[in-house]
Number of protein chains: 2
Amino acid sequence: MPNASDSLPKPLKSHRATGRVTLNDVARAAGVSASTVSRALRGERAVDPALIERVQAVSDKLGYVPDPAARALASQRSNHVAILIPLLSNALFVDLLDAAQTTLRAGGYQTLMGVTHYDPSEEEQLLREQLLHRPAGLLVTGLDHNAATRKLMASSQVPCVHLMDLPAAQLSDAPYCVGFRQTDAGAAMTRHLLAQGRKRIAFAAAQLDPRVMQRLYGWRHALQEAGVYEPTLEFLNPAPSSLALGGVLFEQIMQQRPAVDAIFFCNDDLAQGALMAALRLGVSVPSQVAIAGFNDLTGSDQMLPALTTVRTPRAQIGQAAAQMLLSLMRGEEPDSPQLDLGFDILQRQSS
Amino acid sequence: MPNASDSLPKPLKSHRATGRVTLNDVARAAGVSASTVSRALRGERAVDPALIERVQAVSDKLGYVPDPAARALASQRSNHVAILIPLLSNALFVDLLDAAQTTLRAGGYQTLMGVTHYDPSEEEQLLREQLLHRPAGLLVTGLDHNAATRKLMASSQVPCVHLMDLPAAQLSDAPYCVGFRQTDAGAAMTRHLLAQGRKRIAFAAAQLDPRVMQRLYGWRHALQEAGVYEPTLEFLNPAPSSLALGGVLFEQIMQQRPAVDAIFFCNDDLAQGALMAALRLGVSVPSQVAIAGFNDLTGSDQMLPALTTVRTPRAQIGQAAAQMLLSLMRGEEPDSPQLDLGFDILQRQSS
DNA sequence: CTGTTAGCGCCTTCAT
DNA sequence: ATGAAGGCGCTAACAG
């Protein structure tokens with residue numbers, strides 16, 4: 001009877017006792033050493049199955065819960081996963097966060113979020129703060145980071161998955177990433193508009209982050225391919241994206257270039273705002289001008305006319321990236337370091 | 001010369017050295033004890049100003065950064081603040097999170113977010129997980145929690161501020177909270193519609209969380225006050241809120257109760273969807289029916305007609321709650337445990 | 001005001 | 001396959 005003394009777990013008061021049930025309490029009650037309990041509970045191999053079961057039972061009975069701080073201190077690894085996203089005011093990133101966070105929690109990890117505001121030095125600072133917590137993994141948006149950030153990521157040795165973007169070519173030493181080819185998506189939508197018979201297709205963008213620029217390149221490429229590229233049809237505004245700005249851009253374009261027969265907005269916020277502005281101004285969509293957006297955000301299908309857009313698999317990206325990270329944290333190697341989740345052209349009434 | 005030995009900080013290799021600069025390294029280099037460094041760096045009083053300065057300088061020179069895990073283990077308090085919100089798919093809560101997180105970070109705290117999906121037992125489970133990290137503070141949405149959750153919050157001794165809601169009366173033993181009176185806001189909007197000459201004002205709601213119900217009570221109250229309350233004008237749907245559902249509700253109401261001359265939606269998602277549906281169906285707003293929403297979400301000012309709604313100070317709530325929590329964590333007592341940030345009726349073209 | 005002494009709870013080498 | 005011993009880096013209690 002190894003468990004002859006598992007009643008009356010005397011709370012041996014030291015001068016700083018916390019009253020919490022510790023690994024040692026479980027070890028004592030189970031009649032084994034603390035290390036064995038530690039190994040048994042973490043499912044580390046090389047422990048007798050029968051023992052594992054007994055330890056598990058005792059642990060449950062006592063209501064033992066490991067202390068993450070102690071664990072982090074001893075092992076130099078916490079159960080945090082840090083995630084860096086540009087903004088919370090863009091539903092795209094919130095969806096990414098939501099999906100990633102859900103998947104990570106199911107895997108036993110706590111998400112530490114950081115909002116970079118598209119500022120490379122803020123990103124660096126946030127990463128620095130987060131690394132103090134010795135996260136077990138890292139999720140970052142995009143592939144563009146400043147040198148210091150890249151160095152921090154590399155030297156920290158923390159597994160890292162990049163979101164949304166894929167490197168131009170399938171490099172062998174490429175970083176882990178989950179996303180789709182922004183350039184291709186930009187080109188695909190442009191070709192769709194061309195296929196509808198549109199000739200003068202403007203590109204309107206705000207924020208101008210790297211992914212927006214790639215969509216721009218896709219648009220350029222498709223137009224050049226068709227022999228109808230015209231640089232003056234680019235309307236780029238570095239201000240943050242919003243419905244209101246979409247309206248402003250729309251008015252501006254219609255005024256400056258009334259012959260334009262389609263406008264491809266770099267995201268749905270802008271396109272929705274343009275659609276409302278068209279309604280206000282009495283410009284008929286799509287007969288006079290077609291409107292297209294990007295991302296298929298909430299409400300795009302409810303617009304009048306419903307917005308043609310690019311459906312991007314952001315929730316899937318968040319989830320798949322989290323899963324890739326989970327396997328990396330387990331020490332496994334994913335099948336491929338790059339996961340292309342593609343995109344769809346959603347043709348609706350606005351084109 | 002107490003600092004005769006501050007050169008050649010021999011990296012005394014133990015069998016598990018991590019290479020990190022520790023408190024002891026600073027202490028040795030500054031020629032004082034570790035506790036003194038600890039106290040000096042944390043600004044704990046009862047340290048010689050000159051020493052503080054010297055320690056600070058040495059610490060900077062060595063690039064010392066405290067280890068949060070060690071700190072949490074020794075002090076039983078981390079620099080995490082846990083925040084519980086119902087959803088990330090509602091911009092309202094994201095704004096709350098964004099503001100709170102920004103303020104907390106400025107105060108040196110890391111935010112741990114938890115998404116409850118309006119499920120009391122998920123809330124309880126999340127809180128349990130978060131409390132393991134021994135957060136220094138807690139931010140929770142609303143005042144309604146199950147018994148286990150309330151008990152956890154109380155027994156954890158962690159300072160806690162409630163978001164969005166205020167208790168019915170100004171109780172003395174009331175919890176800390178920052179928000180506004182949902183009931184009053186519901187009544188105020190209803191009175192606004194009445195003042196516009198509307199007589200048959202429907203209330204349409206989804207999600208039906210406690211705050212939505214309070215708005216309903218406000219609507220009821222205002223109508224009863226005016227002697228025009230009619231229970232069959234309540235359209236309550238427990239499904240999640242969305243633009244599409246707003247359109248469905250609108251169609252349903254216009255079909256079942258064509259004589260309705262105003263609809264008060266419990267939030268802007270629904271109201272925006274209704275506005276788009278009205279456009280589609282050719283129902284003229286506001287001449288045939290007025291539409292009002294709640295929260296003044298993105299896009300409401302861009303609708304056609306622009307949406308009349310209740311502006312709720314969600315960013316301010318997030319920020320003020322975080323600030324109240326920061327002072328509680330410093331051991332200070334806020335002026336008043338309840339902070340009412342009010343609301344505004346934004347009359348636009350839809351009413 | 002400062003130093004000394006013990007841990008906080010766990011993991012991890014090393015030995016068995 | 002298991003146990004013993006020590007350390008992760010810091011703070012808290014207690015002297016002085």
Side-chain angles (χ1 to χ4, degrees), chain A residues 2 9 11-55 59 62-79 132-134 136, chain B residues 2-3 11-55 59 62-79 132-134 136:
Chain A
L12 38 131
K13 290 211 151 58
S14 89
H15 77 119
R16 240 196 321 166
T18 57
R20 134 177 233 141
V21 179
T22 74
L23 199 59
N24 263 314
D25 297 334
V26 178
R28 219 170 302 134
V32 294
S33 77
S35 355
T36 302
V37 176
S38 173
R39 289 188 281 243
L41 259 29
R42 274 177 305 148
E44 214 182 60
R45 66 157 141 265
V47 177
D48 180 29
L51 240 189
I52 292 187
E53 211 166 325
R54 196 167 94 239
V55 167
S59 163
L62 261 47
Y64 167 69
V65 196
D67 181 328
R71 197 166 251 193
L73 182 59
S75 68
Q76 307 293 337
R77 274 278 157 278
S78 72
N79 73 141
L132 291 181
H133 290 281
R134 303 188 180 287
Chain B
N3 52 351
L12 37 132
K13 290 213 152 62
S14 88
H15 76 121
R16 241 196 318 166
T18 56
R20 139 177 228 140
V21 179
T22 75
L23 198 59
N24 263 314
D25 297 335
V26 178
R28 218 171 303 134
V32 293
S33 77
S35 348
T36 301
V37 176
S38 171
R39 289 187 282 242
L41 258 30
R42 275 177 305 150
E44 213 182 60
R45 68 157 138 268
V47 178
D48 181 28
L51 240 188
I52 292 188
E53 212 166 325
R54 194 166 96 239
V55 167
S59 161
L62 262 48
Y64 167 70
V65 197
D67 181 328
R71 197 167 251 191
L73 182 59
S75 69
Q76 307 292 333
R77 274 278 158 276
S78 72
N79 72 140
L132 291 182
H133 290 281
R134 303 190 181 286

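Sequence lines set the chain letters: A, B, ... in the order given, protein chains first and strands last, and positions in each chain run from 1. Just so it is clear, the model here is predicted, and its values are computed rather than measured.
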Does C:dG3 have OP1 or OP2 sitting under 4.0 Å from an N or O in the side chain of B:S33?
yes
Contact under 4.0 Å: A:T36 side-chain N or O vs D:dG3 OP1/OP2:
yes
Donor-acceptor pair under 3.5 Å, B:S35 side chain vs D:dA12 base:
yes
Presence of donor-acceptor pair under 3.5 Å, side chain of A:S38 and base of C:dT12
no
How close or far is atom [atom2] of [N] from atom [atom1] of [X], stated in whole angstroms?
X: B:N79; N: D:dG9; atom1: CG; atom2: P; result: 17 Å
X: B:R71; N: C:dC10; atom1: CZ; atom2: P; result: 21 Å
X: B:D25; N: D:dC10; atom1: CG; atom2: P; result: 9 Å
X: A:L73; N: C:dT12; atom1: CG; atom2: P; result: 12 Å
X: A:R54; N: D:dA1; atom1: CZ; atom2: P; result: 17 Å
X: A:L41; N: C:dT12; atom1: CG; atom2: P; result: 14 Å
X: A:R20; N: C:dC10; atom1: CZ; atom2: P; result: 7 Å
X: A:D67; N: C:dC10; atom1: CG; atom2: P; result: 6 Å

Looking at every non-hydrogen atom in both residues, tell me the closest pair between B:S59 and B:L41 and how far apart they are.
OG-CD2, 4.1 Å
Of all heavy-atom pairs between A:Y64 and A:V21, which one has the smallest distance, and what is that distance?
CD1-O, 3.3 Å
Counting C-beta onward and ignoring hydrogens, is there a side-chain heavy-atom pair between A:R71 and A:N79 closer than 4.5 Å?
no
Do B:P66 and B:L23 have side-chain heavy atoms sitting under 4.5 Å apart?
no
Options [options], nucleotide nearest the side-chain atoms of [X]:
X: B:A74; options: C:dG9, D:dA12, D:dG9; value: D:dG9
X: A:T18; options: C:dT2, C:dC8, D:dC8; value: C:dC8
X: A:D48; options: D:dC10, C:dC10, D:dA1; value: D:dA1

Within the side chain of B:S78, is there an N or O that forms a donor-acceptor pair under 3.5 Å with the backbone of B:A72?
no
Please report the interatomic distance CD(B:E44) to OG(B:S35), rounded to the nearest 0.5 Å.
10.0 Å
To the nearest 0.5 Å, how far apart are CG in A:D25 and CZ in A:R20?
11.0 Å
What's A:L23 touching, base or sugar-phosphate or nothing? Going by heavy atoms closer than 4.0 Å.
sugar-phosphate
Under the 3.5 Å Watson-Crick or G-U criterion, the dot-bracket string of DNA chain D, with | for inter-strand pairs:
|||||||||||.||||
Which residue lies toward the 5' end of DNA chain D, B:A69 or B:R42, if each is placed at its nearest nucleotide?
B:A69
Name all residues meeting the side-chain contact (heavy atoms from CB on, under 4.5 Å) criterion together with A:L51; count only those two or more places apart in sequence or in a different chain, and write none if there are none.
A:V32, A:T36, A:V47, A:D48, A:R54, A:V55
Reading DNA chain C from 5' onward, which residue's closest nucleotide shows up sooner: B:R134 or B:R39?
B:R39
Judged by each residue's nearest nucleotide on DNA chain C, which is more toward the 5′ side, B:P49 or A:P66?
B:P49
